[in-house]
Amino acid sequence: MLPCLRSRDPDVREEMDDPACDPATLERTYARFDLVNAIVSAPRAVYREWVRPRLRAGGTVRLLDVGTGGADLPRRLLRWAAADGDLRVVAIDPDPRSIAYARSLPPVPGLELRQATTRDLAREGERFDVVLSNHVLHHLSGVELGAILADSEALLRRAGVAVHGDIARSALAYAAFAAATAPFEPTLLRGTFIRADGLASIRRSHTARELAAAAPPGWCVRRGIPYRLELVRRVP
């Protein structure tokens, strides 16, 4: 039975956010993010639109990945960027478990992993050409959302861009994810939080109208496929 998705449910919890969750299950979840995000997060489109044009303009491009989890997105971006220019990525997450997992993987040239928040980097005076996040916004309260958007603006260089990608909440998105993951729950997704947490994520996510209403002036919401939203801020 589908839950009511007419309004956002900020009280539903994702199991991987629990500090006491099973560490082995959490590690298997991080390991599967690469596959799942390749399907649901359109990373190639993110690279083509927001990263590659800056690389081809010349010079070193600095990119910040916020809430990196297992750091699957920056690893993909660096692999694709090898043919287009010089990309350097700082991947941050406040959760020590995710940074520990990401550091356990083989190192990638150009990737720096830090247990930190956007506020930490803004206070340090860091600046980036691109600030990205993937599936982070739905984890945040209203106050936290405002803070991370303010930090994103402070972290951008001139002509920089911030792009926060997330799920667009809808009954269709929920039903599609439930149906697509059900056959793999006993096999590929066995022993992970991905299916349960993915469904919880959709319930916590915004619609385009809700996200636009929550964002400060200067930010715009773009719709993507499948069931994606991008909250974008460009610096002139």
Side-chain angles (χ1 to χ4, degrees), residues 1-19 21-22 25-46 49 65-70 72-73 76 93 95 98 132-146 148-149 163-215 219-232:
M1 182 178 295
L2 286 176
C4 177
L5 293 161
R6 285 192 294 272
S7 59
R8 182 172 182 250
D9 186 355
D11 296 323
V12 65
R13 302 293 296 174
E14 295 182 38
E15 294 182 60
M16 66 180 298
D17 289 339
D18 182 354
C21 74
D22 179 61
T25 305
L26 180 63
E27 186 166 312
R28 285 190 293 269
T29 301
Y30 286 140
R32 287 289 181 264
F33 274 163
D34 186 45
L35 174 62
V36 174
N37 283 331
I39 298 169
V40 304
S41 301
R44 177 66 82 169
V46 170
E49 181 158 8
D65 182 42
V66 179
T68 196
D72 54 289
L73 177 59
R76 283 182 181 275
D93 202 298
D95 191 333
S98 72
L132 297 179
S133 76
N134 181 51
H135 292 174
V136 170
L137 299 186
H138 68 265
H139 289 272
L140 308 177
S141 68
V143 171
E144 291 167 336
L145 175 62
I148 203 171
L149 297 183
V163 183
H164 295 289
D166 209 352
I167 309 159
R169 189 186 76 250
S170 72
L172 189 56
Y174 190 96
F177 186 82
T181 53
F184 301 102
E185 191 172 19
T187 55
L188 193 62
L189 302 181
R190 182 179 181 181
T192 75
F193 296 130
I194 285 175
R195 188 165 191 267
D197 279 5
L199 294 172
S201 295
I202 296 170
R203 294 170 63 185
R204 289 185 60 92
S205 295
H206 303 80
T207 63
R209 181 176 296 179
E210 290 168 349
L211 197 54
W219 291 84
C220 65
V221 176
R222 297 173 16 134
R223 297 176 186 269
I225 297 174
Y227 317 113
R228 297 280 297 169
L229 299 175
E230 287 182 333
L231 186 57
V232 180

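Only heavy atoms go into these numbers, but all of them, side chains included; no hydrogens, no water, no symmetry mates. Since the structure is predicted, the reported quantities are computational estimates derived from the model, not experimental observations.
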Side-chain touch [X]/[Y], heavy atoms, less than 4.5 angstrom:
X    : Y    : value
L35  : L188 : yes
C220 : E230 : no
F184 : T181 : no
M16  : Y30  : yes
E15  : T25  : no
L231 : L149 : yes
I148 : L140 : yes

[X] versus [Y], closest heavy-atom pair with distance:
X    : Y    : result
P183 : P186 : O-CD, 3.6 Å
V40  : H135 : CG2-CE1, 3.9 Å
A173 : A168 : CB-O, 3.8 Å
G67  : D93  : C-OD2, 3.3 Å
G198 : F177 : CA-CE2, 3.7 Å
A214 : L145 : CB-CD2, 3.8 Å

How long is the straight-line distance from [atom2] of [Y] back to [atom1] of [X], given to the nearest 0.5 Å?
X    : Y    : atom1 : atom2 : answer
D166 : I202 : CG    : CD1   : 10.5 Å
D72  : S41  : CG    : OG    : 8.0 Å
T207 : L229 : OG1   : CG    : 7.5 Å
R195 : L189 : CZ    : CG    : 9.0 Å
D22  : E27  : CG    : CD    : 10.5 Å

So, R76 side chain and D34 main chain: donor-acceptor pair closer than 3.5 Å or not? yes

Keeping the roles fixed (side chain from T29, backbone from F193), state whether a donor-acceptor pair exists under 3.5 Å. yes

With sequence neighbours excluded, tell me which residues meet side-chain contact (heavy atoms from CB on, under 4.5 Å) with [X].
X    : result
R8   : P10, R169, R204, H206, E210
H139 : E14, D17
R203 : P3, L5, D9, V12, Y174

Any donor-acceptor N or O pair under 3.5 Å, side chains D65, T68: yes

R222 atom CZ, neighbour heavy-atom count above 12 within 6.0 Å: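 Buried by this count: over 12 neighbours within 6.0 Å.
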
